[in-house]
J.: 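There's a structure below that I have some questions on.
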Protein chains: 2
Amino acid sequence: MLGVTIKQVAKAAGVAPSTVSRVIADHPRISTATKKRVKKAMKEMGYHPNANARNLANRSTQSIGVVMPTSADKALQNPFFPEVLRGISAVAHHLDYSLLLSTGETDEEMQEGVERMVYSNRVDGIILLYSQIDDPVVNFLLEQDFPFVVVGKPSERVDEITHVDNDNVRAGKDITSHLINLGHENIGFIGGSQDRIVTIDRMRGYELALKEAGLPFLKDYRIHTEFLKSGGRQAVHELFSIPDPPTGLVIADDLMSIGVVNMLEEFGKRVPQDVSIVSFNNVYLSEVTRPPLTTVDIHIYQLGSQAAKCLIEKVKDRSEPAKRIIIPYEIKHRASATEKEASSKV
Amino acid sequence: MLGVTIKQVAKAAGVAPSTVSRVIADHPRISTATKKRVKKAMKEMGYHPNANARNLANRSTQSIGVVMPTSADKALQNPFFPEVLRGISAVAHHLDYSLLLSTGETDEEMQEGVERMVYSNRVDGIILLYSQIDDPVVNFLLEQDFPFVVVGKPSERVDEITHVDNDNVRAGKDITSHLINLGHENIGFIGGSQDRIVTIDRMRGYELALKEAGLPFLKDYRIHTEFLKSGGRQAVHELFSIPDPPTGLVIADDLMSIGVVNMLEEFGKRVPQDVSIVSFNNVYLSEVTRPPLTTVDIHIYQLGSQAAKCLIEKVKDRSEPAKRIIIPYEIKHRASATEKEASSKV
DNA sequence: AGCAATAACCAAAACGTTTTGGAAAGCTAG
DNA sequence: CTAGCTTTCCAAAACGTTTTGGTTATTGCT
């Protein structure tokens, strides 16, 4: 039976609509007896409050917007997204919030989507699933003083923006050091778009580790490519044509690693025998691919769940200060990175 | 400037709120002169209609619910989802609809989420991103006469439910025939949960192709596994321990293929030299993995965009009949499947 | 000039809730 | 028995739109 209103329930239970409302909210000003009576009526009539009316009266929507980039980086067929959504969804569901998804092929579309959500009061807060340099969306949200959190590290005004991130610099450094400890001295870096903060941070970690070990930070050892097809193959080929080709590779994303492993084998290099590889994210695949990847598990699910938690706190209490939540990471040691072979030392 | 209402605009423009409303709807009963005046006022004051109020008055929400399963099949870290979401999102955005996401770890949670969306009038229609046998959610939606479409083939009442699918039986048959044409006679099948219609259909196609070619449809040649870790490895091992192990494998999903390729090589079997592999979906990875996978491109994006289109049509005109939309598929020939080696014939 | 028809607008009701400000009824204490 | 409190409930306003049913100018026709 659809379209039962609070008035009908009230009439059936012989009370005023306001009383029904209070019963729903479990307000103490209603006696247990009437509560029971009203609840019975609700159940019998199959009453369910209308979310729109409720939200209108409350000036709140009980829903949060999730902004997901898309084709910019095609690598965003990345399992990262389902996983982070899982995390967000879990806590949202638990706290009775709905998720409004917004995606866009271009930056303009994304901006547009966010504006729509904000202007038309469709959501109480927003989670940004990406972070890039000089993002107009972030500026817009700050300007509007609209609650939002970003998953990743904002490029500017870091202290004013609550965000949930890994310590990607340290992770980058740790994983690079791991390679160094395995005896590698020529270590390359392959990352995605240089506009993404996550790429930048991981590369900085890589740089720090090299410096600390007294190894040179060479331009020739770095590749930035949006996507792993034609362009990527070319770049990898060049990387291994230089006089001192790397024997270790730090790669910003597991998915890229898989592509790189295969390119390498195409060029006659084997992983890990000739080249050791480490990367980031620990998506499901990195465990079943061959070789299994040594990778930094960044706890994607937690990134999502914490982001949702923070955002909802902020929404409920606008005076909550900007926070910074760092999710711990964990290196998964698998077969893709091994000690530098004696062969190359000879 | 947030919270500008239609009344304020009306006052500023010297008209009644209803007139402003009509201007927004571009109603012909308003003169061009006033329209201009009102529009100017709207722009100056930064007016944006409140979605909630609007929806309440209209008894519609301009948004559609998307139901995504999660951990049931852990393989649902599958790139399939971002991609189908992209398709849905594109047309939804284009037609000015928002997306409300609902996921759940368990079947009960999903059911609960759907009920919430329906009962509280949060969405105008629903897209189901999965299809399984005897699904309570489908029954619920049918019972409520609530507009919905499923991506995939419903298990029952197929004619009453509009759905967007590939012809998975034919696809399964075609791709299996391809293997047969390459000279393979011992062909196995590896699929996910037997509750998913997609698995069933693809396997039926596999069966048909075998029958047509006069090859036996053996129980020993089939594996059903939810997930590719421990259990899967075990099953694959057994499959290749039987007297006449397969030289060809039809696998229900690219992601699984990747896992299987690696298991096989672990057991000393090489792809495609010893075993040819074909699978489904043509996700991004299947092109960059090694060997690149021969796979059925099911046009995931289109599955999403057509589903959204259908649903919105149905929402706008409830009398639209149930439809069945079949998205064409296309076999991508890559290196994972080759002619059966002379070696094994000798 | 006078009447009907049309164009342009407005006032008020409706959508389904929550919330505010009381009012009635029941109790306690003097 | 009455003044003052509680307890329990209700009527009405508010949320920001859309839509219905008019009302007033304006125009067209004779």
Side-chain angles (χ1 to χ4, degrees), chain A residues 1-39 41-42 45-63 96 98 116 118-124, chain B residues 1-39 41-42 45-63 96 98 116 118-124:
Chain A
M1 189 184 343
L2 222 65
V4 192
T5 86
I6 202 172
K7 283 185 198 164
Q8 296 171 21
V9 174
K11 190 179 284 178
V15 299
S18 49
T19 304
V20 179
S21 176
R22 285 191 218 285
V23 171
I24 296 170
D26 201 24
H27 195 288
R29 260 169 60 177
I30 304 293
S31 68
T32 354
T34 16
K35 268 188 193 165
K36 240 179 214 159
R37 189 153 41 95
V38 171
K39 273 185 187 158
M42 295 199 307
M45 310 179 67
Y47 169 74
H48 292 271
N50 178 307
N52 265 317
R54 184 183 265 235
N55 293 339
L56 181 57
N58 284 335
R59 280 165 230 72
S60 100
T61 66
Q62 288 290 318
S63 57
D96 261 307
S98 302
R116 251 175 41 135
V118 172
Y119 282 141
S120 46
N121 282 100
R122 242 177 256 272
V123 299
D124 295 342
Chain B
M1 192 182 345
L2 223 66
V4 191
T5 86
I6 203 172
K7 283 186 197 165
Q8 296 171 20
V9 175
K11 189 179 284 179
V15 298
S18 51
T19 304
V20 179
S21 175
R22 286 191 219 284
V23 171
I24 295 170
D26 202 22
H27 195 287
R29 260 169 61 178
I30 303 294
S31 70
T32 354
T34 16
K35 267 187 194 166
K36 240 179 214 160
R37 191 152 41 95
V38 172
K39 273 182 188 160
M42 294 198 308
M45 310 180 65
Y47 170 73
H48 293 270
N50 177 307
N52 264 319
R54 186 183 263 234
N55 294 340
L56 180 58
N58 283 335
R59 281 163 228 72
S60 100
T61 66
Q62 289 289 319
S63 57
D96 261 306
S98 303
R116 249 173 44 131
V118 172
Y119 282 141
S120 47
N121 283 98
R122 243 178 255 270
V123 299
D124 294 342

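Letters A, B, ... mirror the listed sequences (proteins, then strands); counts begin at 1. Just so you know, these numbers come straight off a predicted model, no measurement behind them.
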J.: In sequence, state the C-alpha distance, the side-chain angles, and the governing distance for A:Arg54 and B:Ser120, and then conclude on side-chain contact (heavy atoms from CB on, under 4.5 Å).
T.: CA-CA 10 Å; A:Arg54 184 183 265 235; B:Ser120 47; over 6 Å; no

J.: With the side chain counted from C-beta on, respond yes when A:Thr34 and A:Arg22 share a heavy-atom pair under 4.5 Å apart, and no when they do not.
T.: no

J.: Among residues at least two apart in sequence or on other chains, which ones pass side chain to side chain donor-acceptor pair (under 3.5 Å) with A:Ser60?
T.: none

J.: Has the side chain of A:Ser63 got a donor or acceptor atom that lies under 3.5 Å from a matching backbone atom of A:Arg122?
T.: yes

J.: Could you check if a side-chain atom of A:Lys11 sits within less than 4.5 angstrom of a side-chain atom of A:Gln8, using non-hydrogen atoms only?
T.: no

J.: Let me have a per-nucleotide readout for nucleotides 16-22 of chain D, 5' to 3', with B, S or -, counting only protein heavy atoms under 4.0 Å.
T.: BBBBBBB

J.: For D:dC9, take OP1 and OP2 only and decide whether either is under 4.0 Å from a side-chain N or O of A:Thr34.
T.: yes

